Amino acid sequence: MLRTVILAAARSSRCEQFVATAPYTRDIVRRFVAGARTDDALRVTRALVQDGLAVTLDNLGEDTVTPGQATAVRDEYLNLLELLAAAGLTPATEVSVKLSALGQTFDEQLAYDHARAICVAADTAGTMVTLDMEDHTTTDSTLDILLKLREDHPSTGAVLQAYLRRTESDCRQLAGAGSRVRLCKGAYREPESVAYQSAHDVDRSYVRCLNILMSGAGYPMLATHDPRLIAIGEDRARWFDRGPDRFEFQMLYGIRPEEQARLVGDGYTVRTYVPYGDQWYGYLMRRLAERPANLAFFARALMHQG
Ligand SMILES: Cc1cc2nc3c(=O)[nH]c(=O)nc-3n(C[C@H](O)[C@H](O)[C@H](O)COP(=O)(O)OP(=O)(O)OC[C@H]3O[C@@H](n4cnc5c(N)ncnc54)[C@H](O)[C@@H]3O)c2cc1C
């Protein structure tokens, strides 16, 4: 119920205006987002890489509505990749891209062209791209674009969401040699017709999908903060004899940093997903929706400003 309300607020521009101007929300934003500028992304990335983490950078923005906005997002990624290479932060850092930010909702061909340009720039910078997955209405289009991109850029990563009923089958399709697949639970509000609704069913699906990916020939990227799923990931890594160059854990910036350090200390590859940019609202609301404790923190901050 609470999650539904927060995810609805994520789509409300009035709520966005309120949150964006409340002075005490700044600290909350900073916990989950590197900052508004490219420099902020580079600064946070440098510190994480020094701590032995790999990074994926996400320029925040989604549901772009004009070709001009989509081009600006593409250009930001091209600039970012150049700066990362110049700073010696590749290949430790790759980029995560949302196709909706590149125009997918109004022009799929444009989104593909922009994504391809980013893949070319990533090749030049000596790193890779992963396509984030958004709500279920975009899954087919995103996977179609992924397969087209992989013709010339086979390292392009996919994201599959364990809450979708279709995902076990998608995992089988994408578990082939060289295929980089990030497995996450899924962050959007989805109908029962397409998605498991209970946390238990989502977790069980995650384990089935994890088994398919870890026993396959691809490169699994286990994106979760869930202690039980991480333990299962560690177990399957031993079972399938996967060393740190054959799979990785992924977690979000600001969430369970001690666990990220613990896994690095134990010799695993761990990639932190670092969002940056001024369009942080939708991202922040999804993070709040995931955990009631975050919401209490947020509510306290808002009360202080009143
Ligand atoms: C690297 C990465 C990339 C992702 N990419 C996508 C994507 O492309 N598409 C998509 O739909 N989703 C994506 N997600 C989000 C994902 O789908 C989940 O919504 C999110 O990771 C929470 O699920 P969980 O597996 O951590 O399990 P949960 O059961 O939600 O959490 C397990 C534990 O982790 C901690 N935790 C989890 N979330 C939070 C939080 N917000 N604040 C504080 N503690 C928390 C808590 O201790 C919690 O008990 C991504 C997640 C990661 C880590």
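If you're wondering where the values come from, they're calculated on a predicted model, not measured in any experiment. Atoms within each ligand, like the ligands themselves, are counted from 1 in listed order.
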Just need the protein heavy atom nearest to [atom], so name the residue and atom and give the distance.
{"atom": "atom 25 (O) of ligand 1", "value": "Thr224 OG1, 2.6 Å"}
{"atom": "atom 52 (C) of ligand 1", "value": "Leu252 CD2, 3.4 Å"}
{"atom": "atom 9 (N) of ligand 1", "value": "Met133 O, 2.8 Å"}
{"atom": "atom 42 (N) of ligand 1", "value": "Asn294 ND2, 2.8 Å"}
{"atom": "atom 37 (C) of ligand 1", "value": "His225 ND1, 3.7 Å"}
{"atom": "atom 32 (C) of ligand 1", "value": "Asp226 CA, 3.6 Å"}
{"atom": "atom 46 (C) of ligand 1", "value": "Arg291 NE, 3.7 Å"}
{"atom": "atom 15 (C) of ligand 1", "value": "Arg287 NH2, 3.8 Å"}

Determine if the distance from [atom] to the closest protein heavy atom is below 4.0 Å.
{"atom": "atom 30 (O) of ligand 1", "result": "no"}
{"atom": "atom 49 (O) of ligand 1", "result": "no"}
{"atom": "atom 27 (O) of ligand 1", "result": "yes"}

So which atom in [X] and which in [Y] form the shortest heavy-atom distance, rounded to 0.1 Å?
{"X": "Ala187", "Y": "Arg286", "result": "O-CD, 3.7 Å"}
{"X": "Ala117", "Y": "Leu78", "result": "O-CD2, 3.6 Å"}
{"X": "Leu60", "Y": "Gly277", "result": "CD1-O, 4.2 Å"}
{"X": "Ala85", "Y": "Thr90", "result": "CA-OG1, 3.6 Å"}

Under 4.0 Å from a heavy atom of [X]: give me the atoms of ligand 1 that qualify, with their elements.
{"X": "Gly186", "value": "11 (O), 16 (C), 17 (O), 19 (O)"}
{"X": "Tyr188", "value": "11 (O)"}
{"X": "Arg182", "value": "3 (C), 4 (C), 5 (N), 8 (O)"}
{"X": "Asp132", "value": "8 (O)"}
{"X": "Gln250", "value": "1 (C), 53 (C)"}
{"X": "Gln161", "value": "9 (N), 10 (C), 11 (O)"}

Aromatic ring pairing Tyr283/Tyr273, orientation class (parallel under 30°, perpendicular over 60°, tilted between):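 Geometry flag for Tyr273 against Tyr283: parallel rings.
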Under 3.5 Å: N/O of Cys184 near N/O of ligand 1: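 N/O-N/O distance below 3.5 Å does not exist for this pair.
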Contact (N/O only, under 3.5 Å) between Lys185 and ligand 1: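 Such a contact does occur with ligand 1.
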Exercise: do Gln250 and Glu248 side chains pair donor with acceptor under 3.5 Å: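 Yes, because at least one side-chain N or O of Gln250 sits under 3.5 Å from a partner of the opposite role on Glu248.
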N-O pairing of Lys185 and Asp226 below 4.0 Å: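 A salt bridge links Lys185 with Asp226.
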salt_bridge(Glu168, Arg172) N-O dist < 4.0 Å: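 The answer is yes: the pair qualifies as a salt bridge.
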Result of checking Thr138, Leu131, Leu146 against Leu99 for side-chain contact (heavy atoms from CB on, under 4.5 Å):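 Option passing the side-chain contact (heavy atoms from CB on, under 4.5 Å) with Leu99: Leu131.
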side-chain contact (heavy atoms from CB on, under 4.5 Å) partner of Tyr112, chosen from Leu102, Ile145, Asp107: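 The passing option is Ile145.
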Stepwise salt bridge (charged side-chain N to carboxylate O under 4.0 Å, His left out) check, Arg182 with Asp132: CA-CA 9 Å; Arg182 175 194 300 159; Asp132 281 351; 2.9 Å; yes
Side-chain donor or acceptor of Ser179 paired with backbone N/O of Ala175 under 3.5 Å: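 A pair under 3.5 Å: no.
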N/O donor-acceptor pair under 3.5 Å between Gln69 side chain and Gly103 backbone: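 No; zero donor-acceptor contacts below 3.5 Å.
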Counting only heavy atoms closer than 4.0 Å, does ligand 1 sit against the backbone of [X], its side chain, both, or neither?
{"X": "Ile255", "answer": "side chain"}
{"X": "Glu134", "answer": "neither"}
{"X": "Met251", "answer": "backbone"}

Nearest option to atom 22 (C) of ligand 1, as decided by whichever heavy atom of Glu290, Glu248, Arg31, Arg271 sits closest: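 The residue whose heavy atom sits nearest atom 22 (C) of ligand 1 is Glu290.
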Aromatic ring proximity Tyr163/Tyr196, centre distance under 6.0 Å: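 Not close enough - the centres of the two rings lie 6.0 Å or further apart.
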